[in-house]
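First up is the structure itself, then whatever we jot down about it.
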Amino acid sequence: MAGPAPAQGQARATRKLLIRTWGCQMNVYDSGRMADILAPLGYAPTESAEEADMVILNTCHIREKASEKVFSDLGRLRETKKARAAEGRQTVIAVAGCVAQAEGAEITARAPWVDIVLGPQTYHRLPEMVARASRAAGAVIETDFPAEDKFDHLPEARAPQGPVAFLTIQEGCDKFCSFCVVPYTRGAEFSRPAAAILAEARQLAANGAREIALLGQNVNAWAGASPDGNSWRLARLLRELAEIPGVARLRYTTSHPRDMDDDLIAAHGEIPSLMPYLHLPVQSGSDRVLAAMNRGHKADLYFRIADRLREARPDLALTSDFIVGHPGETAADFDATMRLVERIGFAGAYSFKYSARPGTPAASMAGLVPEAEKDSRLQTLQALLRQQQDDFNRACVGRVVDVLITGTGRHPGQVAGRSPWLQPVHATGAAPVGAVVPMTLEAALPNSLSANMVHEESAAA
Ligand code: 5AD
Ligand code: SF4
């Protein structure tokens, strides 16, 4: 559930909205926007399906498992909808996101109790679709890629998101990696104009955001119209965002190695508020597999980018995505991935077994890797990545770092926050949400770091 609290001054909440979100940060952001769009219609967030007058499943299609989970959730919702109907209560069920885009017809065939199927480009039509669905018997399907900019139609006012805010600056992908559905489900690359992004960022900062994470499927491919009539690249946008009062931290995700231009690498050394942390998927360390994946770069480009980033910002941590068992991947290719991981040293990573997505080029490639082989490669890779993540966390112990306070800790008298490297941190003491507090990192626990506030120590000394 990612719906933020409703904004003040809206219509009185009379209905409940449940949004379940799968997949990437882009979907988390979209869920927030859908909640914003529906708030003026009187929809207030709930976590309970039984209570919800409208349920939106904001779905992810990137791997097969994610799509199947949507169908099992829909099975459960059918029962809830029936039980509510028996009590005379209507339930509108909507499927949004990339499964909706890719499998709209299949959803209405397999789950006819779904009322609305909407693709990621049509969220601004949600109020109209809800109204139509409440009246009509058959499902409403909206999964076209309309020419108009969906961002233009979203409400200006953003509900406060807390100290960490997401801001979508780019959508879609023109890269067509062999294995990936995103170019088909999210459409062509589109960059929002700089002025709109800067205005939204100022509003987020005014609402209390201290950290802004820029989102895009190919965020570093962003090339937007600038207020001076030129086209800016991401580094320039980051420099402008860094000037906004109150914005203490900037991040961007997800990036492609091919779009790490010189200015962006330099920006990591020049913008203090740009956090020393970059998620830069490489997928494989083998040039043969990278070519089969249509990634458009070799392993060497990744090494050079990593070296230059660390030259610009020595404390920069890298994280990545990996796929093992892409069609044609041999044991030697997999070894090359292991060697890349050893050489780079990642602070964290996501790794997946290749799964064929219908309609993508890799789905019809020869050289399928047996499931058992994929399993064993994944285990080998994940053991190394886990060890590197533990090493990274342990190496942080003893350092004094700025922690952005995001809330209270699990135990009384504790605060929780996040480090510059996105690690969850907790410490004893009091500090307001949104404060950036220097802390000494004391111990690396399995999923977080414990810390001491520097000023409390000095006060006690
Ligand atoms: N099979 C396995 N993993 C995939 N990813 C994308 N498509 C597939 C697929 N067909 C992974 C990639 C990508 C991440 C978001 O999901 O590693 O970077
Ligand atoms: Fe998919 Fe490749 Fe585009 Fe990333 S760059 S969204 S993996 S096609």
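We count ligands from 1, going down the list as the structure has it; atoms in each ligand are counted the same way.
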TODO: Decide side chain to side chain donor-acceptor pair (under 3.5 Å) for T319 and H279; before the verdict, give the C-alpha distance in whole Å, the side-chain angles of both, and the deciding distance to 0.1 Å.
DONE: CA-CA 5 Å; T319 62; H279 184 61; 2.8 Å; yes

- [ ] Please report the C-alpha distance between F322 and Y354 in whole Å, then the side-chain angles of each, then the deciding distance to 0.1 Å, and finally whether the ring pair (Phe, Tyr, Trp, His ring centres under 6.0 Å) criterion is met.
- [x] CA-CA 9 Å; F322 295 91; Y354 167 74; over 10 Å; no

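Aromatic ring pairs are classed by plane angle as parallel below 30°, tilted from 30° to 60° and perpendicular above 60°; the pair F392 and W421 is perpendicular. Ring orientation note: the planes of F346 and Y302 are tilted relative to one another, at an angle of 30° to 60°.
K353 O, 3.3 Å is the protein heavy atom nearest to atom 2 (C) of ligand 1. When only non-hydrogen protein atoms are considered, atom 2 (Fe) of ligand 2 lies nearest to C177 SG, 2.3 Å. If you check which protein heavy atom lies closest to atom 1 (Fe) of ligand 2, you get C180 SG, 2.3 Å. For atom 14 (C) of ligand 1, the nearest protein heavy atom (residue, atom name, distance) is D321 OD2, 3.4 Å. For atom 16 (O) of ligand 1, the closest non-hydrogen atom on the protein side is R63 NH1, 2.7 Å. For atom 6 (C) of ligand 1, the closest non-hydrogen atom on the protein side is I62 CG1, 3.3 Å. Looking only at protein heavy atoms, the nearest one to atom 10 (N) of ligand 1 is S355 O, 2.7 Å.
Of the candidates V182, D259, I323, V182 brings a heavy atom nearest to atom 6 (S) of ligand 2. Residue nearest to atom 8 (C) of ligand 1, selected from F179, Y354, F352, Y350: F179 (by heavy-atom distance). Summarising the contacts of atom 4 (C) of ligand 1 with I323, V324, V181, T360, the nearest heavy atom is found in I323.
With a 4.0 Å heavy-atom cut-off, ligand 1 is reached by the side chain of Q283 but not by its N, CA, C or O. The part of P183 lying near ligand 2 is the side chain, judged by heavy-atom distances below 4.0 Å. Contacts with ligand 2 closer than 4.0 Å are made by no heavy atom of T254, backbone or side chain.
By the 3.5 Å distance cut-off applied to N or O atoms, R357 is not counted among the residues near ligand 1.
Atoms of ligand 2 lying under 4.0 Å from any heavy atom of F179, numbered from 1 in the order shown and given with element: 7 (S). Every atom of ligand 2 is numbered from 1 in the order shown, and the set under 4.0 Å from a heavy atom of F176 is 8 (S). Within ligand 2, the atoms closer than 4.0 Å to a non-hydrogen atom of H256 are 5 (S), numbered from 1 in the order shown. Of all atoms in ligand 2, numbered sequentially from 1 with element shown, those under 4.0 Å from a heavy atom of N218 are 3 (Fe), 5 (S).
In this structure, L18 CG and M54 CE are separated by 10.5 Å, a value rounded to the nearest 0.5 Å. Note that CD1 of I323 is 13.5 Å distant from CZ of R377, once rounded to the nearest 0.5 Å. If you take OG on S231 and CZ on R236, they are separated by 11.0 Å, rounding to the nearest 0.5 Å.
The side-chain heavy atoms of V164 and R418, taken from C-beta on, include a pair separated by under 4.5 Å.
Residue side and main chain included, C173 places an N/O/S atom under 2.8 Å of atom 3 (Fe) of ligand 2.
For the pair E189 and K175, the salt-bridge criterion is met [side-chain N within less than 4.0 Å of a carboxylate O]. Ion pairing between D333 and R339 fails under the 4.0 Å rule for side-chain N and carboxylate O. Ion pairing between E329 and K374 fails under the 4.0 Å rule for side-chain N and carboxylate O.
Side chain of R313 to backbone of L274: a donor-acceptor contact under 3.5 angstrom is found.
At least one heavy atom of R295 sits under 4.0 Å from some atom of ligand 2.
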